[in-house]
Amino acid sequence: MAVIDLDAAVFDLDGTLIDTEPRNRVMWSRLFDAHGAPYDDAVIASFAGRRGREVLQELAHLFPGRTVEELFEQALSFGTLPGLPAAAPVPGAVGLVRSLAGAGVPLAVVTSGQRAYAEDLLAELGVRHLLDVVVTAGDVATGKPHPEGYLAAARDLGVPPAAAVGFEDAPAGVAAVKSAGMTCVGVGTTQPPDALAGADHVVADLNEVDVVPGPALRVRGPRPREHQS
């Protein structure tokens, strides 16, 4: 258990506040299937926490004759088909955001999703009005694991990155938070604990994080092994 002082909190969206990863995995898998492109679980997992266009650019050799933009738009179109896994709030997420807002902590979201997508999910969660800043894929030149989005959030919140806590569920996001100089809480909703080893603390879900006077965060999850003395 640890208590962390903070001047601001910054959250990833997919997999951290709302569990959309099972749905997203189906969408990306359908894209590969539609083109007969080879893939395995590791390839699909590589999309987690990152901007889809950037991952597709790296994998463009698997889709000869297709542009990244064509592939990205096709993947998005699969999101409108029936039978996708339902998205649900990560346990404790809405309560934590509300508690932080009630304590006067400035709040932001940094997501690899597009603006309309992010706004819809945040409205679905009922927390959009509590967020001071939302940084989306179109607001940065370089996506996660680059820290640009988190640095932009800290700048717009008016706090030094070292005084902020970032919450992430994917390795690329953890790397972005740490590169920005923030304390990182890894949320184990979508990845095995070893994948979040770069985080300062890891929790199973956000029910393991409480707001305490300070304001500060009480984190009940263990520190990753590499951070233990």
Exercise for review: Quick one: sort the Phe63 and His35 rings into parallel, tilted or perpendicular, breaks at 30° and 60°.
Suggested key: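 Correct class here is perpendicular.
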Exercise for review: Measure up the Phe47 and Phe32 rings against each other and bin them: parallel (under 30°), tilted (30 to 60°), perpendicular (over 60°).
Suggested key: perpendicular
Between [X] and [Y], is there a shared hydrophobic cluster once you connect ILVMFWY residues whose side-chain heavy atoms come closer than 4.5 Å?
X	Y	answer
Val94	Leu217	yes
Val165	Val10	no
Leu100	Val219	yes

**Study point:** Glu58/Arg53 salt bridge by N-O under 4.0 Å criterion
**Key:**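 Looking at Glu58 together with Arg53, the answer is no, because their closest N to O distance does not fall below 4.0 Å.
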Check your understanding: Is Arg25 paired with Asp41 through a side-chain N to carboxylate O contact shorter than 4.0 Å?
Key -> no
So, taking the atom named [atom1] in [X] and the one named [atom2] in [Y], what distance separates them when rounded to the nearest 0.5 Å?
X	Y	atom1	atom2	value
Asn24	Ile44	CG	CD1	10.5 Å
Asp132	Asp156	CG	CG	10.5 Å
Ser179	Leu151	OG	CG	9.0 Å

Within the side chain of [X], is there an N or O that forms a donor-acceptor pair under 3.5 Å with the backbone of [Y]?
X	Y	result
Asp7	Val159	no
Arg155	Pro160	no
Ser77	Gln74	yes
Glu148	Ala141	yes
Asp19	Ala87	no
Thr189	Gly15	yes

Is any side-chain heavy atom of [X] closer than 4.5 Å to a side-chain heavy atom of [Y]?
X	Y	result
Val55	Leu59	yes
Val135	Thr111	no
Pro89	Leu17	no
Phe11	Val90	no
Val209	His201	no
Val109	Leu122	yes
Val187	Glu168	no
Phe78	Val26	no

Check your understanding: Under the salt bridge (Lys or Arg N to Asp or Glu O under 4.0 Å) criterion, do Asp139 and Arg115 qualify, and how do the steps go?
Key -> CA-CA 9 Å; Asp139 300 320; Arg115 170 69 59 178; 2.7 Å; yes
**Study point:** Under 3.5 Å side-chain donor-acceptor pair for Thr20 and Asp14
**Key:** yes
Exercise for review: Take Asp169 and Thr16 through the test side chain to side chain donor-acceptor pair (under 3.5 Å) and record every step on the way to the result.
Suggested key: CA-CA 6 Å; Asp169 74 298; Thr16 300; 3.2 Å; yes
